[in-house]
> 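What follows is a single structure, and I will ask about it in a moment.
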Amino acid sequence: MEFRTRFAPSPTGFMHLGGLRTALYEYLLARKNGGKFILRIEDTDQERFVEGATQVIYDTLRDCGINWDEGPDIGGDYGPYIQSERKDLYLPYAKQLVESGHAYYCFCTKEELDQRRQAAEARGETFKYDKHCLRLSKEEIAEKLAAGTPYVIRMNAPTEGTSSYHDMVFGDMTFPNSDTMDDMVLIKQDGMPTYNFANVIDDHLMHISHVIRGMEYLSSTPRYNFLYNAFGWEIPQYIHLPTVMRDATHKLSKRDGDAYYSDFIEKGYLKEALINYLALVGWNPGDEREFFTLGELEEVFDVSRLNKSPGIFDIDKLTWFNAEYIRKLPFDAYLEMVTPWFDKALAGKNIDYKRLAELMQSRTEVFGRVPDMVRFLAEMPEYDLDLYNNKKMKTNPEVAAESLALVRPVLEGIGDWNETAIHDTVMSAIAESGKKNGAVLWPLRIAISGLASTPGGAFEIAYLLGKNETMRRLDLSMEKLRNNA
RNA sequence: GGCCCCGUGGUCAAGAGGCCUAAGACAUCGCCCUUUCACGGCGGUAACUCGGGUUCGAAUCCCGACGGGGUCACCA
């Protein structure tokens with residue numbers, strides 16, 4: 001059997017991480033089995049049309065390396081791959097179902113339906129379409145049709161019995177028809193098919209073998225199967241995926257600003273880290289490996305290792321993955337990637353980016369946090385004298401004043417301002433003085449950085465700052481200490 | 001509310017009746033390294049939702065309760 005999977009998003013503007021994960025698994029299943037991965041755009045809801053949204057889908061998938069074998073932009077044997085371009089194809093199928101008694105015309109207006117729905121709710125009941133129009137005679141239907149009365153086509157669902165199917169993740173599922181089935185609309189008043197209908201038609205026409213989708217479709221699957229059966233078509237394999245949650249009680253929501261692929265890229269997450277982490281929410285390889293490239297995932301992915309329970313999207317773990325990926329980056333690649341982030345805080349300053357990058361690589365968890373970490377190099381922060389108090393380093397403002405007084409002339413005397421010279425000169429001066437390293441180096445670092453923690457120590461920072469700026473900051477800090485005394 | 005799904009530490013998760021005195025990872029805490037922070041190394045805290053069964057034996061099977069989620073549109 002040929003494996004054919006599809007990603008069928010509706011273009012709403014952004015790529016949701018839950019959707020991305022679904023696409024990933026669909027892609028992986030196809031690749032793992034030497035099959036095809038198809039991209040299909042489901043834009044049957046014209047009210048929701050968003051300009052440029054399909055482009056976002058293309059860009060995100062390509063960016064991640066999730067390449068499709070058939071799709072709107074590259075074609076394929078079963079196109080077109082955009083539902084709005086296939087709109088005329090669905091009505092005949094619906095009519096075929098009307099002929100066979102599996103569907104029927106309905107002339108109830110939306111307003112009437114809303115009224116009845118509200119009335120039902122007022123009575124505390126769940127509204128279900130009552131097959132009102134199924135009772136219409138052939139003549140009545142012909143008459144209304146001839147008069148141009150607006151209509152929809154509804155599925156004639158069974159009201160009794162049960163429906164069962166097998167899901168590759170959740171196992172055997174059985175639903176009572178009375179609770180699950182309803183006469184859902186197949187063709188809308190505007191002539192467009194509903195998602196439910198188009199989905200079945202297209203999946204069949206495109207020979208999709210495995211349908212992978214969110215578990216919110218678990219209970220509506222019997223309705224799709226009813227359609228497949230009505231047409232006499234083969235039902236695809238189903239793989240329903242557990243939801244990706246924000247926390248125990250909320251889905252990753254589009255509103256939280258933390259659900260879109262683009263949000264994370266803008267914050268400075270690496271797509272490789274994102275894909276790697278996403279693959280692991282709801283799936284695991286069965287051994288203890290956690291790091292996977294897309295190519296490796298293509299080899300090890302296995303549907304049987306998919307989980308049933310919802311997984312919470314853990315930003316901390318993602319961040320850890322991201323930091324690991326950043327640390328593993330070849331230095332040159334890191335330097336290139338971090339440069340624009342340095343620019344955000346240091347543009348125009350004469351800073352040795354290469355040396356800074358060396359200091360920053362092991363400290364970078366997310367690129368977006370870089371500017372705040374290095375901004376002190378551009379501008380001396382205001383700081384509190386209390387920073388000089390450090391028990392372990394045995395320093396306080398008084399000790400600091402002495403240490404700085406010791407070190408100032410030493411630094412002043414350095415002609416060739418490089419890290420080694422700064423280090424050696426200062427270290428020997430400390431040794432001569434008999435002071436503890438920490439008692440001198442801690443205050444020095446504070447005096448020129450104004451921060452309790454910095455990427456690199458006193459020597460690195462002094463070097464990066466340059467002699468003039470180092471001396472300037474040192475003098476300022478010494479004065480600050482004097483004023484306090 | 002009806003129907004359906006899920007339920008191992010804070011999070012991801014291994015586990016498919018004895019190998020469980022329950023892995024591993026993230027987070028957290030402590031120690032070491034160290035001129036701070038980070039990296040790295042070592043170690044600690046921390047879980048089978050509850051109650052009944054079945055069985056010589058249950059995290060694993062069954063039933064129930066509880067908790068959480070999903071779904072009930074001319075949205076997808």
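Chain naming here is simple, since letters A, B, ... match the order of the sequence lines and numbering starts at 1 in each.
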> If the C1' atom of B/G7 is compared with that of B/C50, how far apart are they to the nearest Å?
12 Å

> Return the pairing partner of B/A76 with a 3.5 Å limit on both distances, Watson-Crick or G-U wobble; otherwise return none.
none

> For A/I187 and for A/N390, locate the closest nucleotide of RNA chain B by heavy-atom distance; then report the residue assigned to the nucleotide nearer the 5' terminus.
A/N390

> Nearest whole Å is fine: how far is B/A13 C1' from A/L318 CG?
16 Å

> Contact class for A/F459 (heavy atom, under 4.0 Å): base, sugar-phosphate, or nothing?
base

> Side chain of A/F175 only, please: which of B/U11, B/C3, B/G1 is the nearest?
B/C3

> Do A/R116 and A/F127 touch side chain to side chain, with heavy atoms closer than 4.5 Å?
yes

> Can you tell me how far apart OH (A/Y151) and OH (A/Y104) are? Round to the nearest 0.5 Å.
15.0 Å

> May I ask you to check whether A/Y388 and A/Y383 show a side-chain donor-acceptor distance below 3.5 Å?
yes

> Take atom C1' in B/G2 and the same atom in B/G10, then report the distance between them in whole Å.
34 Å

> Record whether the side chain of A/T126 comes under 3.5 Å of the base of B/G1 through a donor-acceptor pair of N or O atoms.
yes

> Please tell me which of A/L113 and A/E290 maps to the more 5' nucleotide of RNA chain B, matching each residue to the nucleotide holding its nearest heavy atom.
A/E290

> B/C26 P sits how many Å from A/N322 CG, rounded?
15 Å

> For B/A22, give its Watson-Crick or G-U wobble partner with both distances under 3.5 Å, or none.
none

> Tell me whether the side-chain N or O atoms of A/K317 pair up with the base of B/A27 as donor and acceptor below 3.5 Å, since no angle test is needed here.
no

> Could you please spell out the steps behind the ring-ring contact (aromatic ring centres under 6.0 Å, His included) verdict for A/Y261 and A/H16?
CA-CA 6 Å; A/Y261 175 76; A/H16 191 266; over 10 Å; no

> Could you tell me whether A/M393 contacts a base, only the sugar-phosphate backbone, or nothing, with contacts defined as non-hydrogen atoms closer than 4.0 Å?
sugar-phosphate

> Select one nucleotide: of B/A38, B/A27, B/U71, the one nearest the side-chain heavy atoms of A/R363.
B/A38

> Round to the nearest Å and state the distance from A/H16 atom NE2 to B/A76 atom P.
18 Å

> Give A/R123 one of three labels, base, sugar-phosphate or nothing, depending on what nucleic acid heavy atoms sit under 4.0 Å from its own.
nothing

> Would you mind pulling out the nucleotide paired to B/G40, Watson-Crick or G-U wobble, both distances under 3.5 Å?
B/C32

> Paired with B/A47 by Watson-Crick or G-U wobble geometry, both distances under 3.5 Å: which nucleotide is it?
none

> Taking atom P of B/C74 as reference, at what distance in whole Å does atom OH of A/Y104 sit?
11 Å

> Please confirm whether the ring centroid of A/W417 lies under 6.0 Å from the ring centroid of A/Y463.
no

> Could you check whether A/E288 gets within reach of a base, just the sugar-phosphate, or nothing at all, counting any heavy atom under 4.0 Å?
base

> How far does the C1' atom of B/C3 sit from the matching atom of B/U45, given to the nearest Å?
42 Å

> Where the side chain of A/R154 is defined as all heavy atoms beyond and including C-beta, which of B/U36, B/C39, B/C74 is the nearest nucleotide?
B/C74

> Exactly one of A/S220, A/P222, A/S163 should register a side-chain contact (heavy atoms from CB on, under 4.5 Å) with A/T180. Which one does?
A/P222

> Counting Watson-Crick and G-U wobble pairs only, both distances under 3.5 Å, name the nucleotide matched with B/G17, or none.
none

> For B/U71, what is the paired nucleotide under Watson-Crick or G-U wobble rules, both distances under 3.5 Å?
B/G2

> So what does A/G214 hit on the nucleic acid, given a heavy-atom distance under 4.0 Å: a base, only sugar-phosphate, or nothing?
nothing

> When you check the side-chain N and O atoms of A/T5 and A/Y25, is any donor under 3.5 Å from an acceptor?
no

> Run through A/F264, A/F313, A/Y269 and flag the one making a ring pair (Phe, Tyr, Trp, His ring centres under 6.0 Å) with A/Y277.
A/F313

> Mind checking A/N307 for me? I need base, sugar-phosphate or nothing, with any heavy atom below 4.0 Å counting as a touch.
sugar-phosphate

> Rounding to an integer number of Å, can you tell me how far A/F313 CZ sits from B/G69 P?
20 Å

> Does one side chain, of A/D167 or A/H240, offer a donor that lies under 3.5 Å from an acceptor on the other?
yes

> Can you tell me the Watson-Crick or wobble partner of B/G7, both distances under 3.5 angstrom?
B/C66

> Can you check whether any acceptor in the base of B/A76 is under 3.5 Å from a donor in the side chain of A/Y217, or vice versa?
yes

> Please write out each protein N/O paired with an N/O of nucleotides 63-68 of chain B under 3.5 Å, distance rounded to 0.1 Å.
residue : atom : partner : partner atom : Å
B/G68   : O2'  : A/A248  : O            : 3.1

> Is it the case that the base of B/A38 and the side chain of A/S362 share a donor-acceptor contact (distance under 3.5 Å, atom types as modelled)?
yes

> Kindly say whether, by distance alone, the side chain of A/K392 makes a donor-acceptor pair under 3.5 Å with the base of B/U34?
yes

